Amino acid sequence: MTITGIISAIIIGAIIGALGRLILPGKQNIPIWLTVVIGIIAAFIGSGIARAIGVSATSGIDWIELILQVVVAAVGVFLIASLYGRRSFR
């Protein structure tokens, strides 16, 4: 992967992670870097799901793939925020 690809993955991951975080109600107590990581992972998983169901290659913007990525990011943010909030420092 080139440096351009890595930077693109970080930017797209941040956007997808932020969108996933925005659609969840309430406050999520996780750091922004974790949101970006969740977004990057969600982008890969959402693309894989889109490829598996045959909607990844369309003309123009792949709206279904984008929606899948954001939904996966929202689920990821929800799960990580619930686990992250339960940890104790005793």
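Remember, predicted model here, so these are calculated numbers, not experimental data. Positions are given from 1 along the sequence.
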Original post:
Are more than 12 heavy atoms from other residues, nucleotides or ligands located less than 6.0 Å from atom CG of Leu66?
Top reply: yes

Kindly give the heavy-atom pair with the smallest separation between [X] and [Y], and that separation in Å.
| X | Y | value |
| --- | --- | --- |
| Ile40 | Ile10 | CD1-CA, 3.9 Å |
| Ala73 | Gly17 | CB-CA, 4.4 Å |
| Ser47 | Gln69 | OG-NE2, 2.9 Å |
| Ala14 | Val36 | CB-CG2, 3.8 Å |
| Ala43 | Ile16 | CB-CD1, 3.9 Å |
| Glu65 | Gly46 | CG-O, 4.4 Å |

How many angstroms lie between atom [atom1] of [X] and atom [atom2] of [Y], to the nearest 0.5 angstrom?
| X | Y | atom1 | atom2 | value |
| --- | --- | --- | --- | --- |
| Ile67 | Leu19 | CD1 | CG | 11.0 Å |
| Trp63 | Leu68 | CH2 | CG | 13.5 Å |
| Ile7 | Thr4 | CD1 | OG1 | 6.0 Å |

Original post:
Do any N or O atoms from the side chain of Arg21 and from the backbone of Thr35 form a donor-acceptor pair under 3.5 angstrom?
Top reply: no

Original post:
Any link between Val37 and Ile32 through a network of hydrophobic side chains (Ile, Leu, Val, Met, Phe, Trp, Tyr) touching at under 4.5 Å?
Top reply: no

Original post:
Residues two or more places apart in sequence or in another chain: which of them pass side-chain contact (heavy atoms from CB on, under 4.5 Å) with Pro31?
Top reply: Trp33, Leu34, Tyr84

Original post:
Any side-chain heavy-atom pair from Ile38 and Ile30 closer than 4.5 angstrom?
Top reply: yes

